Amino acid sequence: MRKMFMLAAACLLAAASAVHADPAAYPAKPVRLIVPFAPGGSTDVLARLLAAALVPELGQPVIVENKAGAGGNIGGDYVAKSAPDGYTLLIAAAGPTVINPSLYAKMPYDPAKDLRPVTLLIQEPNLMAVHPKIPAKTVPEFIAYARSRPNDVSFGSAGNGSPSHLAGEWFNQLTGTRMVHVPYKGTGPAMNDLLAGQIAMMIDNMPALWPHVQAGKLRALAVSTDKRATAAPEVPTVAESVKGFSFGAWKGLMVPAATPAAIVERLHAATTKALEKPELRQRLLALGAEPVGNTPAQFAELIKADTASWAALVKSTGTKLD
């Protein structure tokens, strides 16, 4: 009797595993969205909005998990080494995908080989914002303010080597300012200190900072892209005052490299349909993010191009991490 029970249990387990591994039956259990950064940043905000929109498309719960650290490498590595079954997805950003390979002496994974693109979720400007106690109301005024206080004006970032760190160092290079970098463990903690006036300035993704500007808790000086943001056309670009300073941000969906094509196609269809929902689009646009939803091949081309451009910027700033 005991042997029959054990055999039956083994058969049920094998059947369940087969269902979970069968692309035709996907998804048969909850799906996890891994955010490689701390809660509170724009990647986290996007993941939670997307998770809610994906539930009706996938017919399963979508759970957001934050796995922060090492500039996004911990979360990226976790997904890269997860089972390629479509149940562990990465909300990818530039840091752990295209910047860190040039920044870190040793990577725990190879984003180009160990991760597979599904779709580009959003493109967004970065916002240059200051605490209201800073008297500067424009980029030129801020440059003059910072130049008059060398090594005294601080800028915060999501961590050493993060896009917000590199942006601040690049701004120093182009303007002759000598701001002091203060790294944090994620955008959320940095933003909290900016709101408290512990740091003077931050350049980070618009969806994280813009609500605080609208609430009057921060002052927006400029956006980082070459064109003004649709959500805030009154805010100038940095490039209008600092020639050559222009870069954007993006977030995408990626899976372990060996994930079957059928599962990638299912995820792509569900995600692009979710991004077309008016309520999600309106929410993202209001935050300053532009929903995209392109093909895996198009997203792969963006990753390739950005890897080269960020490598050049990392080299120009001389930033390196162990």
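All heavy atoms count here, side chains included; hydrogens, waters and symmetry mates do not. Since we're looking at a predicted model, the values are computed, not measured. Start at 1 with the first residue, then count along the sequence.
Looking at L194 and L218, their side chains come closer than 4.5 Å, going by heavy atoms from C-beta outward. Residues M201 and I134 have side chains not in contact (no heavy-atom distance under 4.5 Å, counting atoms from C-beta outward). Side chains of T88 and I34 form a contact here, defined as non-hydrogen atoms less than 4.5 Å apart. Contact check for N126 versus V223: no side-chain heavy atoms found under the 4.5 Å cut-off. With contacts defined as side-chain heavy-atom distances shorter than 4.5 Å, the pair F142/M128 qualifies. R281 is not listed as a side-chain neighbour of R283, based on a closest heavy-atom distance of 4.5 Å or more. Residues D85 and T259 have side chains not in contact (no heavy-atom distance under 4.5 Å, counting atoms from C-beta outward).
Residue pairs that meet the ring pair (Phe, Tyr, Trp, His ring centres under 6.0 Å) test with at least one member in residues 59-80, sequence neighbours left out, do not exist here. For the ring pair (Phe, Tyr, Trp, His ring centres under 6.0 Å) condition, no pair includes a residue of residues 185-208, sequence neighbours left out. Applying the ring pair (Phe, Tyr, Trp, His ring centres under 6.0 Å) rule to pairs touching residues 280-322 yields F247-W310, W250-F299, sequence neighbours excluded. The stretch residues 90-139 participates, sequence neighbours left out, in no ring pair (Phe, Tyr, Trp, His ring centres under 6.0 Å) pair at all.
Classification of K277 and E57 as a salt-bridged pair holds, one side-chain N sitting under 4.0 Å from a carboxylate O. Ionic pairing of E234 and R228 is not present here: no N-O contact between side-chain nitrogen and carboxylate oxygen is shorter than 4.0 angstrom.
M206 CE to I122 CD1: the interatomic distance, rounded to the nearest 0.5 Å, is 12.0 Å. Between L33 atom CG and E65 atom CD the span is 9.5 Å, to the nearest 0.5 Å. Atom OG1 of T97 sits about 6.0 Å away from atom CG of L90, to the nearest 0.5 Å. Rounded to the nearest 0.5 Å, atoms OG (S224) and CG (L127) are 8.5 Å apart. For the atom pair CD1 (I63) and CG (L89), the distance works out to 11.5 Å, reported to the nearest 0.5 Å. In this structure, S241 OG and L174 CG are separated by 12.5 Å, a value rounded to the nearest 0.5 Å.
Between T319 and H165, the side chains place no donor N or O within less than 3.5 Å of an acceptor N or O (distance only, hydrogens not considered). Between D226 and S246, the side chains place no donor N or O within less than 3.5 Å of an acceptor N or O (distance only, hydrogens not considered).
Clustering ILVMFWY residues whenever any of their side-chain heavy atoms sit less than 4.5 angstrom apart, transitively, puts L275 in the very cluster that holds V55. By the rule that hydrophobic residues join a cluster once side-chain heavy atoms approach within less than 4.5 Å of another member, L313 and L103 end up as members of one cluster.
When every heavy atom of H181 is checked against every heavy atom of S157, the shortest pair comes out as NE2-OG, 2.7 Å.
Remark: of the listed residues D193, N160, N192, D193 is the sole one forming a side chain to side chain donor-acceptor pair (under 3.5 Å) with Y184.
For an aromatic pair to be called close, the ring centres must be under 6.0 Å apart, and Y87 with Y26 satisfies this.
Listed by chain and number, the residues in a salt bridge (Lys or Arg N to Asp or Glu O under 4.0 Å) with R48 are D44 (sequence neighbours excluded). With sequence neighbours excluded, the residues that form a side-chain hydrogen bond (donor to acceptor under 3.5 Å, both in side chains) with T187 are D204.
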